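What follows is a single structure, written as structure tokens, with notes after it.
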Amino acid sequence: MGSTAEAATMSTHGSLAEKKPTVVFVLGGPGSGKGTQCANIVEHFGYTHLSAGDLLRAEIKSGSENGTMIQNMIKEGKIVPSEVTIKLLEKAILGIDNDKFLIDGFPRNEENRAAFEAVTKIEPEFVLFFDCPEGEMERRLLSRNQGREDDNIETIRKRFKVFLDSSLPVIEYYAAKGKVKKIDAAKPVQEVFEAVKTIFTPKDNKVKHHFCAIL
């Protein structure tokens, strides 16, 4: 017989394996419009939207021991370990009565990705990548922050560079497995959503529509 800790770990994995959730990682640089599109996917396709950042902030706000530890790490400029974020995501997935989840802004890097698969024992169905040129992202973000352009341009460029350096290896890893759905996010919001819809519409629906068109 294994230890209680081992049994608890196994039961967590077992329940996640039993649940067999559909998980979609949503990645895109700052200003790529992924937040808007996540809201559209939730409304039209019944997914639950989980943001790793929101879960961490909620945990801090709860005042739990775990939340205090996270807050202290952030104050000290340390990176919150992947396992902490993953456990919060896992808890949310198990605690919500749905089997379809968008995980927004995670994994941020290769280490996050490998840890997610190791801890949860599941892989994403696919990665939804909102591809947007740096110039367009800058334009969008600066129009949100009028009057503070000089302060922000450097920060925006740094954020974009961090995104490229850390997230692109994750995108490349899943692209090699045929699991990346790339969206041209430079287009207007409605056009972007039309592209998103073709990805999330069940294949049998598409076949029916195509068949009707032939008839």
Side-chain angles (χ1 to χ4, degrees), residues 3-17 19 21 23-32 34-35 38-39 42 47-96 98 101-124 127-130 137 141 144-145 148 151-174:
S3 70
T4 308
E6 281 173 357
T9 304
M10 283 173 70
S11 71
T12 301
H13 288 155
S15 58
L16 201 63
K19 183 159 187 170
V23 169
V24 175
F25 289 151
V26 183
L27 296 176
S32 61
K34 64 186 173 66
C38 279
V42 167
Y47 276 70
T48 295
H49 179 210
L50 296 176
S51 155
D54 287 352
L55 288 171
L56 286 166
R57 282 186 285 275
E59 190 68 13
I60 290 168
K61 209 171 178 180
S62 76
S64 69
E65 195 178 326
N66 199 32
T68 305
M69 181 267 290
I70 294 165
Q71 189 171 32
N72 290 339
M73 292 194 81
I74 292 169
K75 271 185 191 166
E76 289 164 22
K78 293 177 183 170
I79 293 167
V80 177
S82 295
E83 282 76 7
V84 172
T85 307
I86 292 160
K87 284 292 179 193
L88 290 174
L89 286 165
E90 193 175 43
K91 186 179 167 189
I93 289 168
L94 289 170
I96 294 168
N98 196 357
F101 295 87
L102 301 172
I103 298 185
D104 180 3
F106 185 94
R108 287 185 180 274
N109 53 43
E110 260 295 285
E111 193 268 330
N112 276 177
R113 178 203 66 73
F116 180 87
E117 291 186 8
V119 172
T120 64
K121 308 292 188 225
I122 61 170
E123 283 192 22
V127 175
L128 188 62
F129 172 39
F130 289 98
M137 287 195 203
L141 290 168
R144 287 186 208 168
N145 297 298
R148 293 168 45 208
D151 298 337
N152 282 333
I153 191 82
E154 199 177 323
T155 310
I156 290 165
R157 284 178 182 163
K158 274 185 194 163
R159 282 170 66 199
F160 188 73
K161 186 179 185 311
V162 166
F163 168 74
L164 287 181
D165 292 348
S166 60
S167 296
L168 278 188
V170 175
I171 292 159
E172 283 162 6
Y173 172 85
Y174 285 118

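Every heavy atom of this structure was used, including side-chain atoms; hydrogens, water molecules and symmetry mates were not. Since this is a predicted model, take the numbers as computed values, not measurements. For reference, positions follow the sequence shown, starting with 1.
No side-chain heavy atom of T85 sits less than 4.5 Å from a side-chain heavy atom of L55. Contact of the V127 side chain with the V170 side chain is not registered, since no non-hydrogen atoms from C-beta on lie closer than 4.5 Å. Taking 4.5 Å as the limit, every side-chain heavy atom of P169 sits out of range of all side-chain heavy atoms of R113. Looking at K87 and V119, their side chains come closer than 4.5 Å, going by heavy atoms from C-beta outward. The shortest distance between side-chain heavy atoms of S64 and M69 does not fall below 4.5 Å.
Legend: residues meeting ring-ring contact (aromatic ring centres under 6.0 Å, His included) with Y47, ordered by chain and number and at least two apart, are F200. Considering only residues two or more places apart in sequence or on other chains, F129 meets the ring-ring contact (aromatic ring centres under 6.0 Å, His included) condition with none of them. The side-chain contact (heavy atoms from CB on, under 4.5 Å) search around I74 returns I60, I70, V80, not counting sequence neighbours. Scanning for side-chain hydrogen bond (donor to acceptor under 3.5 Å, both in side chains) contacts around K91 gives an empty result, with sequence neighbours left out. Under the rule for a side-chain hydrogen bond (donor to acceptor under 3.5 Å, both in side chains), K75 has no partner lying at least two apart in sequence or in another chain. Scored by the side-chain contact (heavy atoms from CB on, under 4.5 Å) test, I103 finds V23, F25, L89, I93, F106, F116 as partners (sequence neighbours excluded). Residues that satisfy the side-chain contact (heavy atoms from CB on, under 4.5 Å) test with N98, not counting sequence neighbours, are T48, I96, K100, F101. Annotation: salt bridge (Lys or Arg N to Asp or Glu O under 4.0 Å) contacts of E172 (sequence neighbours excluded): none. Scored by the side-chain contact (heavy atoms from CB on, under 4.5 Å) test, A115 finds S82, E83, I86, E111 as partners (sequence neighbours excluded).
Annotation for N112 and P107: closest pair CB-CB, 3.3 Å, computed over non-hydrogen atoms.
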Checklist entry - What's the verdict on side-chain contact (heavy atoms from CB on, under 4.5 Å) for L128 and L102, showing C-alpha distance, side-chain angles and the deciding distance? => result CA-CA 9 Å; L128 188 62; L102 301 172; 5.5 Å; no

Checklist entry - Going through the distances and angles, do K34 and D104 end up as a side-chain contact (heavy atoms from CB on, under 4.5 Å)? => result CA-CA 8 Å; K34 64 186 173 66; D104 180 3; 2.6 Å; yes

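The salt bridge (charged side-chain N to carboxylate O under 4.0 Å, His left out) contacts involving residues 57-74 comprise D54-R57, where partners must be two or more places apart or lie in separate chains.
Rounding to the nearest 0.5 angstrom, the gap separating the CD atom in E110 from the CD1 atom in I171 is 11.0 Å. Rounding to the nearest 0.5 Å places CD of E117 at 4.5 Å from OH of Y173.
With respect to P21, the side chain to side chain contact (heavy atoms under 4.5 Å, CB included) criterion is satisfied by exactly one of L94, T120, I122: I122.
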